[in-house]
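Quantities reported herein were computed from a predicted structural model and do not represent experimental measurements.
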Amino acid sequence: MAFKLLPSTDKAALARLMRSWSADVVALGNGRPVPGDTAPELASANVALTTTVGFGPRVFELAGNKPAGLDDLPVMRHDRLRDEWSGGDLLILVGADDELSVVHAVRRFVADAKPFAVPVWRQTGFWNSTGPDGKPVTGRNLFGQVDGTGNPAVGTPEFDATVWAADGSTTVVVRRIKLNLDTWDELTRSEQERAVGRKLSTGAPLTGTAEHDELNLAARDADGRPAIAANAHARLSHHSENDGRRIFRKGLNYVHDTGTNRESGLIFLSYQADIAGQFLPLLARLDAADALNEWTTTIGSAVFAIPPGFHPTGWIGEKLLG
C-alpha cells in the first residue's frame, strides 16, 4: 500500500515514523506484537512475514539526494491510469504465508503512520511459487503463463548488477495491469503461445524444450517466419533486444470484486538499480509493439526508492533522514 505525507510532516517527523516502522518490522517479522498492539494475539511466528519500505519522489524534496530517474513514469500509449492506483510518497509491501498476519501487520503500520501520512491506495495479491513436490517453481499469472523465467538468478553477479545501486539501495516500479481474460480465452492455445513466445505447458521458449532454455531468436518455422514472432512478449523483453538491459520482475495476481463484477490482473513489480536507464526503455519498447497489449491495460503506476536494509540498532532510511 502507498501513503501520502501530511503537509505538516517534515524531515524530522518522517524520521520519527521510520523509527516507529523499523521497530514494527523487527517485532512483526519475529512474531511479536508491536508496542500498543490492540490485538497482540494476531502477531504470529513462523509465517515468513517480510516488510519492504519505499520512498516516493516527494520524500526527496524533504531529504534531498533523489536517486537519478526517480520520477513519475510518463504515461504510455496503452496506459489508462487511475488515480486510485497511482503515485504515493511512501510504500509498504508486506508478504507472508498467512493472510491474517499480513492484514494485522498492515493495520499496525497504518496506525503508526496516522500522525504523519494517510493511505492513498491498497493492493492485495497472491502468488504460488511452490510446486506439487514442495520445491520452488516459477509462478503463473492468470493468463496461465509461467511468469518471470528470464529473471537474473538471485545471488549472482548478474542479479547484483541489475538490482543494487552502489549504496545498497534499489528502486521498484509498481504497475497494476488489468487482464482481459474473456478475450484471451477466445484464442487458441497456439495463438496464446505465439503472443508470449513461450509454451504454456512448461514456460519453455517456442524454440526449446525446458523452461530455462535460452531463446533462439534467429530460428525460423517451416514457413520461414521467425519461430518467436517479432512482436512476441518474450522477444521484445529479452535483454539481447534491449542493449543488455535487465530488470528483476516479481508478480502478484489479483482479483477485485465489486458486487457480481470481477476485475482480474497482475500487480507487476520491477526492481532495478536505475529506472530511467533500465526500466523506461524496456517499457517504451513493449508499449510500442508487444502482442500482449491487446489483452492488457495498465491502470496504476508508481515508483519508489528502496533504502538499504538496517542493522538491529539502526532504522529505515537512517542515512537519508538522520
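- In this structure the side chain of L90 reaches within 4.5 angstrom of the side chain of L17, judged on heavy atoms.
- The nearest pair of heavy atoms linking L14 to T9 is N-CG2, 3.9 Å.
- No donor-acceptor distance shorter than 3.5 angstrom exists from the side chain of T298 to the backbone of D79, with no hydrogens or angles considered.
- Other residues, nucleotides and ligands place no more than 12 heavy atoms under 6.0 Å from the CG atom of D83.
- The pair K4-D89 fails the salt-bridge criterion, with no side-chain N (NZ, NE, NH1 or NH2) lying under 4.0 Å from an Asp/Glu carboxylate O.
- Between P312 and V26 there is no side-chain heavy-atom pair separated by less than 4.5 Å.
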Task: Audit row: T313, H311, side-chain hydrogen bond (donor to acceptor under 3.5 Å, both in side chains) steps and yes/no - done: CA-CA 5 Å; T313 57; H311 295 286; over 6 Å; no
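- The two residues I306 and G54 make their nearest non-hydrogen contact at CD1-CA, 3.7 Å.
- Put simply, CG on D290 and CG on L283 are 10.5 Å apart, with the number rounded to the nearest 0.5 Å.
- Applying the side chain to side chain contact (heavy atoms under 4.5 Å, CB included) test between F55 and each of L91, V303, L320 identifies L320 as the sole match.
- Across every non-hydrogen atom of A105 and L49, the tightest pair is CB-CD1, 4.1 Å.
- Of the N and O atoms on the side chains of S270 and R249, not one donor lies less than 3.5 Å from an acceptor on the other residue.
- With rounding to the nearest 0.5 angstrom, the OG1 atom of T51 is 6.5 Å from the CG atom of L28.
- Under the ring-ring contact (aromatic ring centres under 6.0 Å, His included) criterion, the residue pairs touching residues 243-279 are W85-H256, F159-F248, with sequence neighbours excluded.
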- [ ] Could you walk me through whether L292 and Q192 pass the side chain to side chain contact (heavy atoms under 4.5 Å, CB included) test, one step at a time?
- [x] CA-CA 9 Å; L292 290 180; Q192 292 175 343; over 6 Å; no
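- Considering every non-hydrogen atom in both A210 and P205, the closest pair reads O-CD, 3.5 Å.
- Side chain of N30 to main chain of R32: no donor-acceptor pair is present (N/O by atom type, distance under 3.5 Å, no hydrogens or angles).
- Put simply, W184 and L142 are part of the same group of oily side chains (I, L, V, M, F, W, Y) that touch within less than 4.5 Å, one to the next.
- To the nearest 0.5 Å, the span separating NZ on K11 from CD on E61 amounts to 14.0 Å.
- Distance check, rounded to the nearest 0.5 Å: CG of L206 to CG of D213 gives 11.5 Å.
- Here the straight-line distance linking atom CZ of R19 with atom CH2 of W315 works out to 4.5 Å at 0.5 Å rounding.
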- [ ] Take R107 and T38 through the side chain to side chain contact (heavy atoms under 4.5 Å, CB included) test and state the conclusion after the steps.
- [x] CA-CA 10 Å; R107 285 173 60 194; T38 57; 4.2 Å; yes
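- For the 3.5 Å distance criterion, the side chains of E214 and H238 qualify, holding a donor opposite an acceptor.
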Open item on the list: Checking Q278 against D274 for the side-chain hydrogen bond (donor to acceptor under 3.5 Å, both in side chains) test, could you report, in this order, the C-alpha distance in whole Å, the side-chain angles of both residues, the deciding distance, and whether it holds?
Closed with: CA-CA 6 Å; Q278 294 169 248; D274 179 358; over 6 Å; no
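- Atom CG of L179 and atom CZ of F143 lie 4.5 Å apart (nearest 0.5 Å).
- Listed by first and then second residue, the salt bridge (Lys or Arg N to Asp or Glu O under 4.0 Å) pairs involving residues 184-208 amount to none (not counting sequence neighbours).
- Each of V163, T171, T170 was compared with Q272 under the side chain to side chain contact (heavy atoms under 4.5 Å, CB included) criterion, and only T171 meets it.
- For D98 (side chain) and V47 (main-chain N/O), no donor-acceptor pair under 3.5 Å exists by modelled atom type.
- Using a distance-only test at 3.5 Å, with no hydrogens or angles considered, a donor-acceptor pair links the side chain of N253 to the main chain of R140.
- Not a single donor-acceptor pair under 3.5 Å links the side chain of S169 to the backbone N or O of A165.
- For the pair R235 (side chain) and L217 (backbone), a donor-acceptor distance under 3.5 Å is present.
- R285 contributes no side-chain N or O that, together with a main-chain N or O of N242, makes up a donor-acceptor pair within less than 3.5 Å.
- A 6.0 Å sphere centred on NZ of K66 holds more than 12 heavy atoms belonging to other residues, nucleotides or ligands.
- When atom types are taken as modelled, the side chain of R176 and the backbone of S86 share no donor-acceptor pair closer than 3.5 angstrom.
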TODO: Show your working on side chain to side chain contact (heavy atoms under 4.5 Å, CB included) between V53 and W21 and close with a plain yes or no.
DONE: CA-CA 9 Å; V53 175; W21 272 4; 4.2 Å; yes
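- Proximity of a side-chain donor or acceptor of N293 to a complementary backbone N or O of A288 within less than 3.5 Å is not detected.
- The neighbour count for N46 CG, taken as heavy atoms of other residues, nucleotides or ligands under 6.0 Å away, does not exceed 12.
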Task: side chain to side chain contact (heavy atoms under 4.5 Å, CB included) between H239 and E158, worked out - done: CA-CA 12 Å; H239 60 89; E158 182 180 83; 5.9 Å; no
